[in-house]
Amino acid sequence: MKKEELRYLQRLAELYPTIGKASTEIINLQSILNLPKGTEHFLSDVHGEYEAFSHVLRNGSGAVRKKIDDVFGHTLSNNDKRSLATLIYYPKEKIEYVKKQEDDMENWYKITLYRLIEVCKTTASKYTRSKVRKALPADYAYVIEELITEKAEVLDKEAYYDAIVNTIIEIGRAENFIIALAELIQRLVVDHLHILGDIFDRGPGPHFIMDRLMEYHSLDIQWGNHDVVWMGAAAGQLACIATVIRNSIRYGNLDILEDGYGINMMPLATFAMDAYKDDPCKAFEIKGDPSNYNAMEKELSRKMHKAISIIQFKLEEQLIRRHKEFLMDDRLLLERIDPEKGTITMPDGNTYPLLDTEFPTVDWNCPWELTAGEKDVMERLSLAFRNCEKLQNHIRLLLDKGGLYKAYNGNLLFHGSIPLNEDGTFKEVQIYGETYKGKELYDILETYVRRAFFALDTEEQQESRDILWYIWAGPNSPLFGKDKMTTFERYFIADKATHKENKNAYYHLLENEEVVNRMLVEFGLDPEDGHIINGHVPVHQSDGENPVKCNGKVIVIDGGFSKAYRKVTGIAGYTLIYNSYGLVLTAHEPFTSAEAAVAEERDIVSNRVAVRYTNKRRLVGDTDNGKALKERIGELIQLLDAYRKGIIKEKK
């Protein structure tokens, strides 16, 4: 036996000091391998739509209703099943609603408890008792374990369970117990959650989504470009800060910054009212419901919107000038403006009239320089973003649980696209003097993201923070995936031909099986069984686009959670479930409210599309975790052999 192997087995012996303990662990691990694999839940591009996101988490994209169907089959009516499902999603709210309608609450409690116990038994059956025990709510752990565990030693099981349920009702704990059971079912029905990017921007509640994710039992996050720009803002990168604020104002979501994160917008408001006091800023109307704002609020919003937009364009041009390797000189647009004629000559040589010709803060000799007032605003905002404890905690979750991609149980997960050449080969991208492609491009960019927060060297930290902006908007960024971001054109040029953003070759090569197989192999996955799962570009279902591509090898799950995208998608989001039977894609209807869901017992699942069912039910032993358990079993067998040969001494 090699010295290194012996040293490792000696360390292992500290955890399993006897033949008996090592043997017991082998038996335990082997039993886990033969359980059905846990259900994975995939969501993407939730864009701050907290209520819809929360509902989909509660219903497990239909997984809860499937468990109810499995348990009760035809013994319950569809109305009763729907009512039970709603109770599991919203237990507190549903109980309050039922109390107003039901005359015999004691009978309702009893029936409901028995139904929930049966669903809970089935939901828990695919896990070890140890794992279920860890998920149990502390106050009712013992009682719930008694109710969902088969007890062979009890002769009159019905009387035993009746006694427990009757006691729960008699002592006035039925409501709390129902809530505990419902939340436990929600917890157990999904084993692991994947968020494939773009938690932030567009919708009003990304901070609520992040709060919910901070409490979630098991998850990973693949960063989206909208997440990375918020990460850049939290790190103090000025162009990212300006972008985050502009997006928030544009979609009428300043409450996220002011109320959600406590970031004071008064410095920007004061500056905007002074600098643009005589400017109507008509090109900078905010999106959303105009009835939510009075005339004064609309005017202030427009002025703030324009002020931060001009600051953003200046800061971006400074970045592009500082980093020639970004290859973005075609985005140096301020210097292409003719202020006297009110026109701009674009890089292609075409000249267009500007929709807005008022630039009171631009020095045309050096148009990318901030004024003293703009510098003061950005210094204050940078301090506010960097010192916001809640925002920093949310970004820490993104760093701890997140990355640019993840290979998990045979699937490749990422948000945007893998940069490709037109022939399907991996595109070479220059990052600070070095060239990268494929997986190594993702790896180096993720390294720079982490350096932006943890590097000690000031210059290295600054370069890394600038890369965060490049990941947001760079033409070769895997999270952006287009040749340019035409934000400037959308504000200032009427001709929509200038607004076009050409997608990377990845998007029109998704049906090419040879290219898709090459991408899977690049990230260490088997092209026969693997899938690419990603979001970022909404699927235009209303135009007949299919989210399942390349014979099921590619699944695009951005279906328009954000209200801003529903006109082009025709639905309100896709989610994906991967259970022991296979992959199931779910399309969702627009979500109205939790109140409507409780009162009308309406769910938002509208269509389930079987992507791929397996011939044989997948077990834990077929997963990445199963591979790790098999390795541990092999190590423990070696330890047993070392004990029996006297190489290592047992410690009784």
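Any value given below was found using the heavy atoms of this structure, including those in side chains, with hydrogens, waters and symmetry copies removed.
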Visitor: Are more than 12 heavy atoms from other residues, nucleotides or ligands located less than 6.0 Å from atom OH of Tyr142?
Guide: no
Visitor: Specify the closest pair of heavy atoms between Val189 and Thr39, including all atoms of both residues, with the distance to one decimal.
Guide: O-CB, 3.5 Å
Visitor: Between Tyr448 and Tyr470, is a ring pair (Phe, Tyr, Trp, His ring centres under 6.0 Å) present by the stated rule, with each step listed?
Guide: CA-CA 11 Å; Tyr448 275 112; Tyr470 178 82; over 10 Å; no
Visitor: A quick test of your reading: do over 12 heavy atoms of other residues, nucleotides or ligands sit less than 6.0 Å from CZ of Arg396?
Guide: no
Visitor: Would you confirm whether Gln10, through its side chain, and Ile648, through its main-chain N or O, come within 3.5 Å as a donor-acceptor pair?
Guide: no
Visitor: Rounded to the nearest 0.5 Å, what's the gap from CG on Leu583 to CD1 on Ile533? Could you check?
Guide: 6.0 Å
Visitor: Tell me whether the NZ or CZ atom of Arg11 lies within the 45° cone about the ring axis of Tyr8 and under 6.0 Å from its centre.
Guide: no
Visitor: So do His41 and Tyr578 actually touch side chain to side chain, heavy atoms under 4.5 Å?
Guide: no
Visitor: Would you say Gln237's side chain and Cys240's backbone share a donor-acceptor pair under 3.5 angstrom?
Guide: yes
Visitor: So Leu441 and Lys427, side-chain contact (heavy atoms from CB on, under 4.5 Å) or not? Walk me through it.
Guide: CA-CA 10 Å; Leu441 175 62; Lys427 189 172 186 179; over 6 Å; no
Visitor: In the structure I gave you, are the side-chain heavy atoms of His55 and Tyr89 within less than 4.5 Å of one another anywhere?
Guide: yes
Visitor: Determine, step by step, whether Leu181 and Tyr140 satisfy the side-chain contact (heavy atoms from CB on, under 4.5 Å) criterion, reporting the C-alpha distance in whole Å, the side-chain angles of both residues, the deciding distance to 0.1 Å, and the verdict.
Guide: CA-CA 9 Å; Leu181 283 173; Tyr140 302 106; over 6 Å; no
Visitor: Which atom pair, heavy atoms only, marks the closest approach of Asp624 to Gly410?
Guide: OD1-N, 4.5 Å
Visitor: Within a strict 4.5 Å, meaning less than it, do heavy atoms of the Asn225 and Ile471 side chains meet?
Guide: no
Visitor: Keeping Asn534 on the side-chain end and Gly416 on the backbone end, is there a donor-acceptor pair under 3.5 Å?
Guide: yes
Visitor: Check the surroundings of atom CG in Leu456: do more than 12 heavy atoms from other residues, nucleotides or ligands lie under 6.0 Å from it?
Guide: no
Visitor: Measuring from Ile577:CD1 to Asn579:CG, what's the distance to the nearest 0.5 Å?
Guide: 7.0 Å
Visitor: Are Thr167 and Val143 packed together at the side-chain level, in the sense that at least one heavy-atom pair is separated by less than 4.5 angstrom?
Guide: no
Visitor: From Arg173 CZ over to Ile178 CD1, what is the distance, rounded to the nearest 0.5 angstrom?
Guide: 12.0 Å
Visitor: Looking only at heavy atoms, which two atoms of Cys120 and Ile148 are closest? And how far apart?
Guide: CB-CG2, 4.0 Å
Visitor: One thing to verify: whether Glu4 and Arg7 come together as a salt bridge, which I'm taking to mean a side-chain N less than 4.0 angstrom from a carboxylate O.
Guide: no
Visitor: So, Arg58 versus Ser54: side-chain donor-acceptor pair below 3.5 Å or not?
Guide: yes
Visitor: So do the side chains of His394 and Asp211 get within less than 4.5 Å of each other, counting heavy atoms only?
Guide: yes
Visitor: Only one of Phe200, Tyr50, Tyr261 passes ring pair (Phe, Tyr, Trp, His ring centres under 6.0 Å) with Phe208; say which it is.
Guide: Tyr50
Visitor: Should the heavy atoms of other residues, nucleotides or ligands under 6.0 Å from CD of Glu459 be counted, would the total exceed 12?
Guide: no
Visitor: Mind running side-chain contact (heavy atoms from CB on, under 4.5 Å) on Ile557 and Thr575 for me, showing each step along the way?
Guide: CA-CA 6 Å; Ile557 63 170; Thr575 55; over 6 Å; no
Visitor: When you measure from the side chain of Arg465 to the backbone N and O of Ala235, does any donor-acceptor pair fall under 3.5 Å?
Guide: yes
Visitor: Checking Lys651 side chain against Glu14 main chain: does a donor-acceptor pair fall under 3.5 Å?
Guide: no
Visitor: Should the heavy atoms of other residues, nucleotides or ligands under 6.0 Å from NZ of Lys390 be counted, would the total exceed 12?
Guide: yes
Visitor: Hey, what do you get for OH (Tyr216) to CG (Leu193), rounding to the nearest 0.5 Å?
Guide: 5.0 Å
Visitor: Can a side-chain donor-acceptor contact be found between His192 and Asp220 if the only test is distance below 3.5 angstrom?
Guide: yes
Visitor: Just do the side-chain contact (heavy atoms from CB on, under 4.5 Å) check on Phe42 and Ile555 with the steps written out, would you?
Guide: CA-CA 11 Å; Phe42 301 76; Ile555 307 164; over 6 Å; no
Visitor: Taking all non-hydrogen atoms of both residues into account, name the closest pair between Ile199 and Pro206 and its distance.
Guide: O-CB, 3.6 Å
Visitor: When Phe523 is tested against each of Phe426, Tyr442, Tyr408 for ring pair (Phe, Tyr, Trp, His ring centres under 6.0 Å), which residue passes?
Guide: Tyr442
Visitor: For Asp191, is there an ion pair with Lys131 - N to carboxylate O distance below 4.0 angstrom?
Guide: yes
Visitor: From Ser464 OG over to Tyr432 OH, what is the distance, rounded to the nearest 0.5 angstrom?
Guide: 7.0 Å
Visitor: For Met519 and Leu412, work out which heavy atoms get closest and say how close.
Guide: O-CD2, 4.3 Å
Visitor: Are any non-hydrogen side-chain atoms of Leu639 and Glu635 less than 4.5 angstrom apart?
Guide: no
Visitor: Tell me whether Arg450 is salt-bridged to Glu446, with the criterion being a basic N under 4.0 Å from an acidic carboxylate O.
Guide: yes
Visitor: Less than 4.5 Å apart, any side-chain heavy atom of Tyr436 and any of Leu445?
Guide: no
Visitor: Contact between Ile647 and Leu9 at the side-chain level, heavy atoms closer than 4.5 Å - yes or no?
Guide: no
Visitor: Tell me the closest heavy-atom pair linking Ser23 and Leu640, and the distance in Å.
Guide: OG-CD2, 3.6 Å
Visitor: Return yes if some donor-acceptor pair links the side-chain N/O of Glu522 with the main-chain N/O of Lys439 below 3.5 Å, else return no.
Guide: yes
Visitor: Donor-acceptor check, side chain of Gln186 to backbone of Ile88, threshold 3.5 angstrom: yes or no?
Guide: yes
